[in-house]
Amino acid sequence: MNRISLVLLMMLVCTGVMADSLTGDGSLSGKVTDKRSGEALAGVTIYFPSLSTGTVTDIDGNYTISNLPNKKVDIQVSYVGHKTIVKTIDLSTTNKLDFSLEESDAQINEVVVTGLTGKSLAKDSPTPLSVVSSAMLRSTASSNIIDAISLQPGISQVTTGGGISKPVIRGLGFNRVVVVNDGVRQEGNQWGSEHGVEIDPQSISSAEILKGPASLMYGSDAMAGVIIFHDEVLPPLGKVQGNVSSEYQTNNGLFGYSVNMKGNNKGIVWSGRWSDKMAHAYKNSSDQYVLGSQYRERAAQGLVGLNRKWGYSHLTLSYYHITPGIVEGERGYSHSYGKSLPFQQVHHYKAVSNNTFFIGDGTLQAIVAYQQNRRQEYEESPKEPGLDFMLHTVNYDLRYKLPVTSQLNIAAGTGGMWQRSLNKGDEYLIPAYQLFDIGGFGTVSYNTGRLSLSGGIRVDNRHLHSFALDDKFSKFSRSFTGVTGSLGAVYAINDNMNLRLNVARGFRAPNLSELASNGVHEGTVEYGLGSHDLHPEYSWQTDLGWDFTSPVLTAQLSLFANFIDNYIFTHKLDGVKTGGYDTYQYTQGDARLLGGEASIDWHPVERLHFANSFSYVNSVQLHQSRDAKYLPLTPAPRWTSDLRYDLVRDGRTINNTYVALQMECDLRQNHFYAVNGTETATPSYTLWGASAGTDFRVHGKKVASLFLSCNNIFDKAYQSHLSRLKYLDVNPANGRRGIFNMGRNFSIKLQVPVEI
């Protein structure tokens, strides 16, 4: 496998050299001003998404970017508090371009997103999506990267203490959600309910959330959707930049810092980051301190590469290490940052070669990656793990985008992965296995002005082989083939209103845990049993959307109907104990999910935002009795509200200064999987929060950013319906069953940019 990767990399380099001889040396310069006042805007981001390069305007609003290809590309101009500009330009005929930005309070930003048919404008996407900007991530207090995006419409999280969260999109989670980071799908034993996402939050600049089957672009497991995390933008030519950030949270004593430096010397780009975070047990008014919820997190990342007129080639190496405790139901009045039995230890190593080459007017993208995930659970000894999984993954992706015209965009490619999982401990939950995925796809989009059409088709095959182990696991092999696709349309009724319709077919092969589990998992306090005879899941989902934008109002409505054949889930066996643990068996049935999201952002006066969103999903198992009717882990209906006022924009000393009040209301969840007490109803609760933030400037340059926030102001004792700790033992002090979520939490974040 290493030889194959080396040969492929050499071929890509040769392709780049050939492309270098076919393209010229383009450049672009200009000035950015405020549309209303005519004043120059400093710090505006000028970015080419397909080139992975950009710059920011200087104190006089000027910018210059050189070493660009002589071809048509999309340019994105963005600035906080202003409407983003996205347009296609021909660098072979354009070398000077000025921009005039207008303030934006209730506009749908025209950002470039990955989408289901390659990079496109968000307004042209028929599939529902959410974009979480860098500013939103920087100002949000959270314990991990999934926690930071969990209040987006249609998004929830399965929580296990403070440091572990799993994403849920419209009621579907686990292996039905693909997480993409550094351009490849993150693979880290994500089948486990207490297994988090091994990504350093400090390394993420923005996120895209695709809601709905995305098997067309990502193959098996993308049935619910995809979360795409984007790395930080590399600096412009001739610049060395960096940042230092730190944060503190009072509830769990979370202290973290991150240091990053990056540069671009004549197109040779590099970046390095180190992050460190630790937190003791969190507390709430019902449990006091939740013992075992402490964790320590460290991460390192380095990048080196070339940005040239023929494209770019980047090599990223990263390391992530987290040591979370395991919550078993113990409460206390004291806390510690140190490890205490039982606990987990996770090491995640990743190497990604990401390459884009311009061949004529077309674009070739090739990605090869290696990941190693080592997950250990320590139960009896802090030195000898019981469960010890080692997962090796090789990802590959090759796609070609034909020359883009004013109306037509065509792309095709292939991708997949190879995996090898080993058991290195003396306890076993799943057998060792080997897996190989391969898929091929083609996509097309067509734009007639008012009407945008897009769609495609994909074929995937997954072969899985499980190895025998004593009498615990038997040897078996399974192959799964799926044909998926999507077809969608966006119609612009007028300049302010759009209608969207999309129909998509999803596919997911059962994972090894579902097929062959046979053991107790300390992290879940359950004994799991798989089934060799499970069938793959298939889904048909229809999405209908409407959006409206005006100078004072933005409104969006997105409705969906999702029908899934062979939906896989676990249920608790009645009265069955294995080794003293409740026993859960994987089974499957047909499911139907209905719901949607509605959001409105009202701007009654300048700089005042009043944003509201409502998310709802109804998940049922068809042809079942009342206690088995509803699917497990279905999020409760949720209403969020945010009242924000921008105190200062474009100030000399302070800039982007705001204050805000937030509300989250989760309604009672009466729809739960009640068979043998697997789930119970969850009461409603309302949480209040407040936040403020500002940038500090000296001589027109940002020198620091400060963010303050308080979550759960009134210290409400509550349990999320998706909290795994909800079903732990009764608290003898008050008779309440299960662990409650975090109480009142104050947070302070400080970020200091550096430029040499």
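Since this is a predicted model, take the numbers as computed values, not measurements.
Inter-residue side-chain proximity for Asp34 and Tyr79 is flagged as unmet; no heavy-atom pair is nearer than 4.5 Å. A 4.5 Å side-chain heavy-atom check between Phe229 and Ile227 finds at least one atom pair inside the cut-off. By the 4.5 Å heavy-atom criterion applied to side chains, Ser747 and Lys749 are counted as neighbours. A 4.5 Å side-chain heavy-atom check between Ser336 and Gln294 finds every atom pair outside the cut-off. In this structure, the side chains of Pro637 and Phe614 come closer than 4.5 Å at one or more pairs of heavy atoms. Within the 4.5 Å cutoff, the side chain of Tyr248 has no heavy atoms near those of the Phe746 side chain. Put simply, the side chain of Lys716 does not reach to within 4.5 Å of the side chain of Thr686, judged on heavy atoms. Between Val269 and Leu303 the shortest side-chain heavy-atom distance falls below 4.5 Å.
Side-chain contact of Ser613 with Thr640: a donor-acceptor pair under 3.5 Å is present, judged by distance alone. Gln662 and Ser691 share a donor-acceptor pair across their side chains, judged by distance under 3.5 Å alone. Side-chain contact, Asn395 with Gln371: a donor N or O sits under 3.5 Å from an acceptor N or O. Using modelled atom types and a 3.5 Å distance limit, the side chains of Gln249 and Ser143 yield no donor-acceptor pair. There is no side-chain donor-acceptor pair under 3.5 Å between Asp147 and Asn144. At a cut-off of 3.5 Å, with distance as the only test, no side-chain donor of Tyr295 or Glu297 sits close to an acceptor on the other residue. His347 and Tyr319 share a side-chain donor-acceptor pair at under 3.5 Å. Neither side chain, Lys702 nor Asn656, offers a donor N or O lying under 3.5 Å from an acceptor on the other. Defined by atom type and a distance below 3.5 Å, a donor-acceptor pair is missing between the side-chain atoms of Gln202 and Ser258.
Atom NZ of Lys239 is surrounded by 12 or fewer heavy atoms from other residues, nucleotides or ligands within 6.0 Å. At most 12 heavy atoms of other shown residues, nucleotides or ligands fall within 6.0 angstrom of atom CD in Glu330. Summarising the local packing, NZ of Lys166 is surrounded by more than 12 heavy atoms from other residues, nucleotides or ligands at distances under 6.0 Å.
Side chain of Ser205 to backbone of His230: a donor-acceptor contact under 3.5 angstrom is found. The backbone N or O of Tyr658 lies less than 3.5 Å from no partner atom in the side chain of Arg644, so there is not a single donor-acceptor pair. Under the 3.5 Å distance criterion, the side-chain polar atoms of Thr57 are matched with a main-chain donor or acceptor of Gly43. A distance-only check finds no donor-acceptor pair linking the side chain of Thr657 to the backbone of Leu647 [under 3.5 Å]. Using a distance-only test at 3.5 Å, with no hydrogens or angles considered, a donor-acceptor pair links the side chain of Ser293 to the main chain of Val290. Within the 3.5 Å criterion, the main-chain N or O of Gly253 finds a donor-acceptor partner in the side chain of Tyr337. Without hydrogens or angle criteria, Asn189 side chain to Phe389 main chain gives no donor-acceptor distance under 3.5 Å. Remark: side-chain polar atoms of Asn264 are paired, donor with acceptor, to backbone N or O of Pro235 under 3.5 angstrom.
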Cys710 and Arg744: CA distance, side-chain angles, deciding distance, side chain to side chain contact (heavy atoms under 4.5 Å, CB included) verdict: CA-CA 7 Å; Cys710 179; Arg744 183 187 299 114; 4.0 Å; yes
Side chain to side chain contact (heavy atoms under 4.5 Å, CB included) between Asn741 and Ser723, intermediate numbers included: CA-CA 8 Å; Asn741 290 77; Ser723 171; 4.1 Å; yes
Intermediate values then yes/no, side chain to side chain donor-acceptor pair (under 3.5 Å), Thr84 and Ser78: CA-CA 5 Å; Thr84 298; Ser78 56; 5.0 Å; no
Side chain to side chain contact (heavy atoms under 4.5 Å, CB included) between Lys262 and Gln241, worked out: CA-CA 5 Å; Lys262 53 190 177 181; Gln241 300 172 339; 4.0 Å; yes
CA sep, side-chain torsions, deciding dist, call: Arg185, Glu187, salt bridge (Lys or Arg N to Asp or Glu O under 4.0 Å): CA-CA 6 Å; Arg185 54 188 288 167; Glu187 289 293 321; 2.9 Å; yes
Gln157/Ser165 under side chain to side chain donor-acceptor pair (under 3.5 Å): CA gap, chis, key distance, verdict: CA-CA 6 Å; Gln157 58 177 328; Ser165 298; 2.6 Å; yes
Derivation and outcome, side chain to side chain contact (heavy atoms under 4.5 Å, CB included), residues Glu232 and Arg273: CA-CA 11 Å; Glu232 286 190 312; Arg273 176 179 292 277; 2.6 Å; yes
Working for salt bridge (Lys or Arg N to Asp or Glu O under 4.0 Å), residues Glu198 and Lys350: CA-CA 11 Å; Glu198 296 90 2; Lys350 185 162 58 175; over 6 Å; no
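Shortest non-hydrogen contact noted between Val352 and Ala369 is CG2-CB, 3.8 Å. Taking both residues in full, the closest heavy atoms of Ala148 and Leu137 are given as CB-CD2, 4.1 Å, listed atom of the first, atom of the second, then distance. The minimum heavy-atom distance linking Arg331 with Gly738 is given by the pair NH2-O, 3.0 Å. Smallest separation of non-hydrogen atoms from Leu317 and Ala351: CD2-CB, 3.5 Å. Between Asp182 and Asn354, the shortest heavy-atom contact is O-ND2, 4.4 Å. Taking both residues in full, the closest heavy atoms of Asn712 and Leu687 are given as OD1-CD2, 3.8 Å, listed atom of the first, atom of the second, then distance.
Here Ser641 contributes atom OG and Glu664 contributes atom CD; the two are 11.5 Å apart, rounded to the nearest 0.5 Å. Once rounded to the nearest 0.5 Å, the distance linking CG of Asp231 with OG of Ser206 reads 9.0 Å. Put simply, CG on Asp715 and NZ on Lys283 are 8.5 Å apart, with the number rounded to the nearest 0.5 Å. If you take CZ on Arg652 and NE2 on His699, they are separated by 11.5 Å, rounding to the nearest 0.5 Å. Once rounded to the nearest 0.5 Å, the distance linking NE2 of His348 with CD of Gln372 reads 9.5 Å. In this structure, CD1 on Ile149 lies 10.0 Å from OG on Ser142, to the nearest 0.5 angstrom.
Between His280 and His335, the two ring planes are parallel [angle under 30°; tilted spans 30° to 60°].
For the side chain to side chain donor-acceptor pair (under 3.5 Å) with Gln345, the lone residue among Arg374, His321, Arg375, Glu377 that qualifies is His321. Of the candidates Thr323, Ile322, Asp200, Asp276, Asp276 is the only one forming a side chain to side chain contact (heavy atoms under 4.5 Å, CB included) with Arg298. In summary, of the residues considered (Trp639, Tyr718, Phe740, Phe714), a ring pair (Phe, Tyr, Trp, His ring centres under 6.0 Å) with Tyr685 occurs for Tyr718 alone.
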